[in-house]
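This is a predicted model, so every value here is computed, not measured. Positions are given from 1 along the sequence. All heavy atoms count here, side chains included; hydrogens, waters and symmetry mates do not.
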Amino acid sequence: ISLVVCEVEESLREKLKKFRFRKETNNAAILSKYCKNCILDISLDDLRNELPERQPRYPKRLTYIVYSYKYTHVDGRVSYPLCFIFSSPMGCKPEQQMMYAGSKNRLVQIAELTKIFETRNADDLTEEWLKNQLAFFR
């Protein structure tokens with residue numbers, strides 16, 4: 001049994017579907033932060049700076065990120081993997097982490113995401129880190 005803290009609203013489901021099939025070739029993210037689900041045209045460096053643990057005015061909190069990444073393979077092919085990144089910074093309360101785990105699983109299931117990564121430190125969220133994570137799927 002999986003504990004679900006919040007259901008995925010229909011508007012977010014539609015947003016995720018449109019995001020999956022978007023025509024743009026830039027890096028972009030849907031970021032669930034401060035109870036918003038906004039689509040951002042954003043690099044990993046800028047995304048890293050948007051995380052709550054990097055902004056002292058916000059408490060440390062868990063953040064869900066669905067990231068569309070322009071990935072150039074060694075043979076020159078280009079793909080656009082849709083990555084789910086769960087940011088769980090050091091210092092988050094264990095109860096909060098357990099509660100959100102169920103909601104994370106539900107979101108991954110609904111959005112049909114297969115590339116699922118977790119980070120505990122915003123500094124790890126770099127292009128090199130993401131390429132290393134994606135290397136597993138070659």
Handout entry: Minimum heavy-atom distance between Glu112 and Arg20, given as atom pair plus value
Key = O-NH2, 2.8 Å

Practice task
State, yes or no, whether a side-chain contact exists between Lys131 and Trp129 at a heavy-atom distance under 4.5 Å.
Solution key: no

Exercise for the section: Side-chain contact test, heavy atoms from C-beta onward, threshold under 4.5 Å: evaluate it for Thr114 versus Phe84 and give yes or no. Expected result: no

Practice task
Might you confirm whether atom CD of Glu128 has over 12 heavy atoms from other residues, nucleotides or ligands at distances under 6.0 Å?
Solution key: no

Completion exercise
Between the CD1 atom in Ile30 and the CD1 atom in Ile42, the distance rounded to the nearest 0.5 Å is 12.5 Å

Fill in the blank from the handout: For Leu44 and Tyr67, the nearest pair of non-hydrogen atoms, with its separation, is N-OH, 3.3 Å

Handout entry: Shortest non-hydrogen separation from Ser68 to Phe19 and the atoms involved
Key = CB-CZ, 3.8 Å

Practice task
Give a yes or no on whether the backbone of Ala122 and the side-chain of Thr119 come within a donor-acceptor separation of less than 3.5 Å.
Solution key: no

Exercise for the section: Identify the two heavy atoms, one from Ile110 and one from Arg13, that lie closest to each other, and give their separation to 0.1 Å. Expected result: CD1-NH2, 3.3 Å

Practice task
Working to the nearest 0.5 Å, report the span between CZ of Phe136 and CZ of Phe117.
Solution key: 9.5 Å

Exercise for the section: Evaluate the side-chain proximity of Leu16 to Leu107: yes if any heavy-atom separation is below 4.5 Å, no if none is. Expected result: yes

Handout entry: Hydrophobic cluster identity match, Ile116 and Tyr80, side-chain contacts under 4.5 Å
Key = no

Exercise for the section: Can you see which heavy atom on Thr25 is nearest to which on Lys70, and at what distance? Expected result: O-CD, 3.5 Å

Handout entry: 4.5 Å side-chain heavy-atom contact, Leu134 and Cys83
Key = yes

Problem - Short side-chain to backbone donor-acceptor contact, Arg22 and Lys17, under 3.5 Å - result: no

Practice task
Could you tell me whether Tyr64 and Phe86 have their ring centroids closer than 6.0 angstrom?
Solution key: yes

Handout entry: Glu10 CD to Lys15 NZ distance, which is reported to the nearest 0.5 Å
Key = 13.0 Å

Practice task
Measure from the side-chain N and O atoms of Arg48 to the backbone N and O of Asp123, and report whether any donor-acceptor pair falls under 3.5 Å.
Solution key: no

Handout entry: Asn132 CG to Asp124 CG distance, which is reported to the nearest 0.5 Å
Key = 11.0 Å

Practice task
Going by the side chain to side chain contact (heavy atoms under 4.5 Å, CB included) test, name the single residue among Leu82, Asn26, Asn27, Ile85 that passes it with Tyr69.
Solution key: Asn27

